[in-house]
Amino acid sequence: MNFVRAHVLVCTGTGCSSAGADGIISAFEEQLKKNGLDEEVRVVKTGCLGLCAKGPNVVVYPEGVYYNYVSAEDVPEIVEEHLLKGRPVTRLIHGDAEDASKATNLTDTAFYKDQVRIALRNCGVINPEDIDEYIAYDGYAALAKVLTEMTPQQVIDEIKASGLKGRGGAGFPTGLKWQFAANSPGPVKYACCNADEGDPGAFMDRSVLEGDPHSVLEAMTIAGYAIGATEGYIYVRAEYPIAVERLKKALEQSHEYGFLGKNIFGTDFSFDIGIRLGSGAFVCGEETALMVSIEGKRGEPRCRPPYPAVKGLFGKPTILNNVETYANVCWIINHGAEAYAALGTEGSKGTKVFALGGKINNTGLVEIPMGTPLRQIIEEIGGGVPNGKKFKAVQTGGPSGACIPASQIDVPIDYENLTRIGAMMGSGGMIVLDEDDCMVDIAKFFLQFTVDESCGKCSPCRIGIKRMYDILDRITAGQGTLEDLDTLEELAAHIKGNALCGLGQTAPNPVLSTLKNFKDEYVAHVVEKRCPAGSCKALLNYTIDPAKCKGCSACSRVCPADAISGVVRSPFVIDQSKCIKCGSCMEKCKFGAISKG
Amino acid sequence: MPNTKTVVPYSGTPEQEAQLKAVIAEYKDVPGGTMPVMQQAQEIFGYLPEEVQIMIAEGMGIPLEEVYGISTFYSLYNLNPKGRYKITVCLGTACYVKGSQAILDKIVARLGCPVGSISKDGKYSVDATRCVGACGLAPVMMVNDDVYGRMTPDQVDDVLAKYK
Ligand SMILES: Cc1cc2nc3c(=O)[nH]c(=O)nc-3n(C[C@H](O)[C@H](O)[C@H](O)COP(=O)(O)O)c2cc1C
Ligand code: SF4
Ligand code: SF4
Ligand code: SF4
Ligand code: FES
Ligand code: FES
């Protein structure tokens, strides 16, 4: 082996890949060769580093210098200056917005320094397509330990003692779930993984699968051993092609190494994993629906009990855990339940991964210890709200979730505190909203989603949610009444109490929580026919102030609806019947002549 | 779900049909094999017209209703073909709050092709999708496999101009 003195880590997560990571990798390979460095500098393709907003991202070790917004054209400079002459290219180094002194080391940046990475420990660190790198970072050590030193019951006890709870949304204690399945008699059982990631705007699971697929396969195998299963399935969204491809590679490699298949580590334990692709139905993230979908049918939920631990996939005892839940398991086995339980709060142990999105500077993936105050996530890790806008709320839990208003920004993020203020943890989507976001519109957005995704099996959901949606649609069109607000609450209570599965039971949450925290906005739409955030199109009119208009015609040239007409050098006018309220004209006018209201 | 009945006549080739037969043979006895077959059939033909659904049902030995039921339940299956340039705009939450609706509106206005449809010449199809997992780059649109992040309505024309 040659002595490798430097590593260039190039993120190939979905964000950075979309932004051009492939071109950067080939540029590095070419430039290193050209400079005779290809023996001593290694290019490593990693999974998501976290700060997707600033991608493509590159980190150069041993120094840990973190470059943002890299393009293939920048590569010769990095190779010649940094790798050849040892002078980092300051122009490309990540700088924290408020900190001009430029943190050079990745782990010193405001974005990283307060994070504790357990589930994401290998993401952005190793090459996910190389099992040897995973092994070099403790990979398959946990499986070896479990198979050779622990009984299945000891494994379950360890997971119970860690306090790990399901990260897929419901927060059910993982050790207890495994215990139920272990207690169910039968020679055939299944240990499955839920990688359907239905919350739109969340990509925690995707990043784990793309950045560290072996950690999930290893944990599923451990779970299989613990409950007495010999087979498992991982149910992945077909919309995640990179994740699927890496999983397939990882499966092949672990078979080759004997970590999957017959007689693992020479023991009499055998386990195998199959991949099944979800075909784009949110309801299939629900556990009973997911199992019928693996069986190859329409993914409609069924009543519980019987619970999957008793009667699950193909009628056999089954456990189903979320990707992130599994991603914690090997760490717990390697470092001990106590080390895990030392992180977090009384009732919520360990860490949680969030996908920070929306109106926040550092959109990306963050992993924080339970109990971290929301303020720290928004202001420090997230780098605050862009463009000097005012922070209004965060929405967690996606279509099943709720909002946390700005007044609660000091709430510690854990299961108990979020429930106490009427919000929820969810699976990890965290969408930041600012003063320009209309809460009624956001609630309507989520209902539109659940209306589309309802499987239609039970009427409270199929009919009830549609009725709630219609009411919100009227309100945002300025045709709502105050009675509508009461009807919304009545319908919500009925649906929550009577829907068959979690989709319907939680669908009213976004409406209830915005009604509770932002009632004044609903009232403004209904009574004043006004959208305070200036977002609901039907309540907006774009107009040209003739006194300010110079007649430059710039607006009429961008209007996609041909709604603006006029004679050059005299005031232009907008035909309201044609205007689709896209706002392009207002952005274009240099003279501030166009206003909305 | 946006599926409507097939309006474009079937034009599969014998090679495509042979490929499908091979896939069916592979999955015929696998429990839960119907969906993997349908997924691959869609890759082979680009969509799932009635003719293909019949081949799958006969090949797998299951009722046609079952295949049809699955194809209409899951949004991934298309009963209609997509355009040569398949345009999708992400309407996931992260993209929505960053204004992806305005981008979609502009594309629809430009191409005169409503969401969920294909242009008359078969060149473009326009669809809205949920999160493509590149939320860090929101708002995001795709043309075939090319991803365009950090979009503004102003950039729509430039992107469309690349696909003539
Ligand atoms: C409508 C609906 C969608 C769901 N989607 C997901 C999902 O995408 N991923 C996930 O892990 N769990 C999802 N769940 C939760 C699962 O039913 C289940 O609780 C979870 O996978 C269990 O794993 P955990 O205990 O590790 O969290 C969903 C639940 C419902 C009701
Ligand atoms: S609550 Fe909705 S999604 Fe769930 S079973 Fe009923 S109709 Fe289907
Ligand atoms: S808002 Fe959009 S559609 Fe309306 S006039 Fe301006 S540019 Fe045209
Ligand atoms: S861009 Fe402004 S100044 Fe120019 S014609 Fe339009 S409204 Fe008038
Ligand atoms: S995809 Fe590169 S940082 Fe997330
Ligand atoms: S919400 Fe658009 S990519 Fe995730």
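In what follows, every chain begins at residue 1, and chains take the letters A, B, ... in the order their sequences are listed.
The shortest side-chain heavy-atom distance between B:Y96 and A:D437 does not fall under the 4.5 Å cut-off. Residues A:F282 and B:S75 form no side-chain contact, since every pair of their non-hydrogen atoms from C-beta on lies 4.5 Å or further apart. Using a 4.5 Å heavy-atom threshold, the side chains of B:K98 and A:T363 count as touching. By the 4.5 Å heavy-atom criterion applied to side chains, B:F73 and A:S279 are not counted as neighbours.
Here the closest heavy-atom approach between residue B:C131 and residue A:P200 is recorded as CB-CA, 3.7 Å. Closest approach of B:V132 and A:T14 over heavy atoms only: O-CG2, 4.1 Å. What you find for B:L137 and A:C52 is that their closest heavy atoms are CD2-O, 3.9 Å.
Only the side chain of A:A238 comes within contact range of chain B, judged by heavy atoms closer than 4.5 Å. If you measure heavy-atom distances from A:I442 to chain B, the contacts under 4.5 Å come from the side chain alone. If you measure heavy-atom distances from A:L433 to chain B, the contacts under 4.5 Å come from the side chain alone. Only the side chain of A:V283 has a heavy atom closer than 4.5 Å to any heavy atom of chain B. At a 4.5 Å heavy-atom cutoff, the contact between A:S293 and chain B is made by backbone and side-chain atoms alike. Residue A:A243: no heavy atom, backbone or side chain, is found under 4.5 Å from chain B. Contacts between A:C284 and chain B at a heavy-atom distance below 4.5 Å involve the side chain alone, from C-beta outward. Heavy atoms of A:K537 lying under 4.5 Å from chain B belong exclusively to its side chain.
Within the 3.5 Å criterion, the main-chain N or O of A:L277 finds a donor-acceptor partner in the side chain of B:Q39. Judged by distance alone, the side chain of A:R298 and the main-chain N or O of B:Y74 form no donor-acceptor pair under 3.5 Å. Without hydrogens or angle criteria, B:R150 side chain to A:A53 main chain gives a donor-acceptor distance under 3.5 Å.
Salt bridge annotation for B:R130-A:D452: present, with a cationic side-chain nitrogen under 4.0 angstrom from a carboxylate oxygen.
Counting heavy-atom pairs closer than 4.5 Å to chain A, the top residue among B:G149, B:P31, B:P153, B:A102 is B:P31. Top candidate by heavy-atom pairs under 4.5 Å with chain A, chosen from B:M38, B:E66, B:R110, is B:R110. Per-residue heavy-atom pair counts under 4.5 Å with chain B were compared for A:E295, A:E197, A:E239, and the maximum is reached by A:E295. When each of A:A561, A:G201, A:S584 is checked for heavy-atom pairs under 4.5 Å with chain B, A:G201 comes out on top. When each of A:F449, A:F446, A:Y240 is checked for heavy-atom pairs under 4.5 Å with chain B, A:F449 comes out on top. Ranking B:V140, B:V147, B:T34 against chain A, the residue ahead of the rest is B:V147, based on heavy-atom pairs under 4.5 Å. The most heavy-atom pairs under 4.5 Å with chain A, out of B:A134, B:G133, B:G92, come from B:G133.
In this structure, CD1 on B:I70 lies 9.5 Å from NZ on A:K297, to the nearest 0.5 angstrom. In this structure, SG on B:C135 lies 7.0 Å from CD1 on A:I431, to the nearest 0.5 angstrom.
Other residues, nucleotides and ligands contribute over 12 non-hydrogen atoms within 6.0 Å of the NZ atom of A:K581.
Chain A is approached within less than 4.5 Å, heavy atom to heavy atom, by B:D154 from residues 154-163 of chain B, ordered by number.
Residues satisfying the side chain to side chain donor-acceptor pair (under 3.5 Å) criterion with A:E587, sequence neighbours excluded, are absent altogether.
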